[in-house]
*Asks:* 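Structure incoming, see below.
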2 protein chains.
Amino acid sequence: MDYPQKTNSQDFSQEQLILDAAMKVFMRKGYDGARMQEIADEAGMNKALLHYYFRSKEQLFQKIFKESFRKFWPTIELTLTIDNSDIRKVIRAIVDGYVTMLETMPYLPNFIIGEINRNPGKVADLIKDSGIKPQAIITALTQAMNRGELVRMNPHELIIYLIGLCVFPVLARPLIGQMLYENNEAYQQFLANRCESVYDFICRSVCIDTNNPG
Amino acid sequence: MDYPQKTNSQDFSQEQLILDAAMKVFMRKGYDGARMQEIADEAGMNKALLHYYFRSKEQLFQKIFKESFRKFWPTIELTLTIDNSDIRKVIRAIVDGYVTMLETMPYLPNFIIGEINRNPGKVADLIKDSGIKPQAIITALTQAMNRGELVRMNPHELIIYLIGLCVFPVLARPLIGQMLYENNEAYQQFLANRCESVYDFICRSVCIDTNNPG
DNA sequence: GTCTATACGGTGATAGAC
DNA sequence: GTCTATCACCGTATAGAC
């Protein structure tokens with residue numbers, strides 16, 4: 001009988017437990033701050049097993065990082081499969097996509113940005129490997145500008161501002177929460193409403209009402 | 001003769017050399033990634049001297065971090081000593097202040113945000129120690145809203161967006177540069193022009209032209 | 001596959017000569 | 001104050017029993 005390589009139905013499960021644990025620990029501590037022991041504890045197994053499955057800390061980290069990176073960017077591309085004819089809907093979808101994603105993974109931006117700054121030289125390879133290209137969104141924005149729905153500006157810059165407005169509130173969360181909101185309650189409120197807030201802020205800046213020109 | 005404690009005119013200079021070196025290394029590598037040996041090399045002196053002057057890595061780090069934090073935030077408060085009657089000038093001054101500061105210290109935001117996420121519990125003390133309060137800017141924004149110069153919105157949110165738009169392009173620099181600008185030249189161009197670009201983006205969103213109401 | 005024990009290198013910190 | 005030498009510890013990684 002020619003079953004797949006897996007001879008033990010627990011194999012994948014163990015590997016996945018490690019990956020999940022590693023994701024948690026690396027995201028919070030970064031590469032330098034993470035400890036293999038902590039990942040083992042989090043996964044509820046022995047430290048030696050991590051090396052059995054992934055050889056080294058570096059290789060385990062690479063797996064986690066590539067996966068994280070994939071989750072960080074494509075949000076913006078995938079939303080473009082929706083109706084392109086109204087640029088407001090596109091912007092709304094992008095903002096919603098980011099905000100929703102960040103609710104479940106609030107540590108992601110800090111992790112990605114921290115590690116990318118720690119090792120900027122590897123970014124090129126990383127992007128090449130991921131196969132991600134921002135072309136779709138650039139095209140959509142440019143077309144909207146040509147249709148007169150968007151203020152004319154460099155589409156690259158608009159993308160940066162768009163992502164920045166979604167991501168920065170989460171990135172600087174401890175700082176903002178403490179500095180501007182003393183208690184956490186009001187800040188929770190802001191985070192909950194920021195789909196609307198960010199969308200409004202962007203639209204007021206760049207969207208042109210084509211029904212009432214002038 | 002009662003000269004000050006300093007019997008050796010080099011004392012201060014040595015201490016300062018260490019602080020400068022530590023700033024460089026901590027900013028790029030973070031606490032976990034930084035090595036006392038590397039700081040010593042950067043300062044051009046022996047590793048043991050770091051401990052002689054600052055006792056431990058932790059204490060040296062605290063000095064650097066508090067100093068960095070002081071540089072990161074007050075930009076926004078200090079600019080408020082300028083003319084408050086035109087909110088556009090205030091916004092312009094804040095954006096200029098941040099962008100200029102970031103040109104000389106591009107690693108600052110990543111450092112601050114990374115370390116704050118690494119140790120969120122200490123943020124409250126840090127802010128208390130620094131004595132920084134965002135009250136002046138909040139008041140200025142609220143007054144401008146009451147005068148009808150600004151769109152009505154939560155002033156806290158506006159501050160977050162303002163800082164985010166200035167800071168994010170630098171934070172995500174390696175990512176943006178590679179993903180959106182393949183070569184470095186066009187990105188340099190964007191960074192050079194972003195005082196204007198960010199200012200325009202914000203003003204279009206929130207500033208109301210009081211000469212032509214309606 | 002999973003565990004325990006251990007080798008190995010690196011890092012913060014100190015002792016002690018000068 | 002500044003150096004060299006060294007310690008004690010911790011963290012990654014491996015060896016080897018089961």
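Letters go in sequence order (proteins before strands), and every chain restarts at 1.
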*Asks:* Under a 4.0 Å heavy-atom cut-off, which of residues 18-29 of chain B touch DNA chain D?
*Replies:* none
*Asks:* Under the criterion salt bridge (Lys or Arg N to Asp or Glu O under 4.0 Å), I'd like the reasoning laid out for A:R92 against A:E196: C-alpha separation, chi angles, the key distance, then a yes or no.
*Replies:* CA-CA 9 Å; A:R92 180 73 204 211; A:E196 295 289 338; 3.2 Å; yes
*Asks:* Please check this pair: side chain of A:D32 against backbone of B:G30, looking for a donor-acceptor N/O pair closer than 3.5 Å.
*Replies:*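 Not confirmed, A:D32 side chain does not pair with B:G30 backbone.
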*Asks:* Tell me if the centroids of the rings in A:Y181 and B:H156 come within less than 6.0 Å of each other.
*Replies:*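 Judged by ring-centre distance (under 6.0 Å), A:Y181 and B:H156 do meet the cut-off.
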*Asks:* Please answer whether the main-chain N or O of A:A34 pairs with a side-chain N or O of A:K57 as donor and acceptor at a distance below 3.5 Å.
*Replies:*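 Checking the backbone N and O of A:A34 against the side chain of A:K57, a donor-acceptor pair under 3.5 Å is found.
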*Asks:* Mind running salt bridge (Lys or Arg N to Asp or Glu O under 4.0 Å) on B:K122 and B:E58 for me, showing each step along the way?
*Replies:* CA-CA 14 Å; B:K122 286 188 180 167; B:E58 179 65 30; 3.8 Å; yes
*Asks:* Expressed in angstrom and rounded to an integer, what is the separation of B:D32 atom CG from D:dC10 atom P?
*Replies:* 15 Å
*Asks:* Aromatic contact between A:F72 and A:F111, with the criterion being ring centroids under 6.0 Å apart: yes or no?
*Replies:* no
*Asks:* Roughly how many Å is it from CG in A:L50 to C1' in C:dG1, rounded to a whole number?
*Replies:*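 Computing the A:L50:CG to C:dG1:C1' distance gives 13 Å.
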*Asks:* For the pair B:K71 (side chain) and B:M105 (backbone), establish whether a donor and an acceptor sit closer than 3.5 Å, ignoring hydrogens and angles.
*Replies:*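 A pair under 3.5 Å: no.
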*Asks:* Over the length of the helix from C:dG1-D:dC18 to C:dC18-D:dG1, how much do the five-pair end axes diverge, rounded to 10 degrees?
*Replies:* 10°
*Asks:* For A:E38, run the side-chain hydrogen bond (donor to acceptor under 3.5 Å, both in side chains) check against A:K24, A:K29, A:R28 and tell me which one passes.
*Replies:* A:K29
*Asks:* What integer distance in Å separates A:Y53:OH from D:dT14:C1'?
*Replies:* 17 Å
*Asks:* Using a cut-off of 4.0 Å between protein heavy atoms and nucleotide atoms, how would you tag nucleotides 3-18 of chain C 5' to 3' with B, S and -?
*Replies:* BB------SBBB----
*Asks:* Does B:T104 reach the main-chain N or O of B:M101 with its side chain, forming a donor-acceptor pair under 3.5 Å?
*Replies:* yes
*Asks:* Given the side-chain rings of B:F61 and B:Y31, with only the six-membered ring counted for Trp, is the space between their centroids under 6.0 Å?
*Replies:* yes
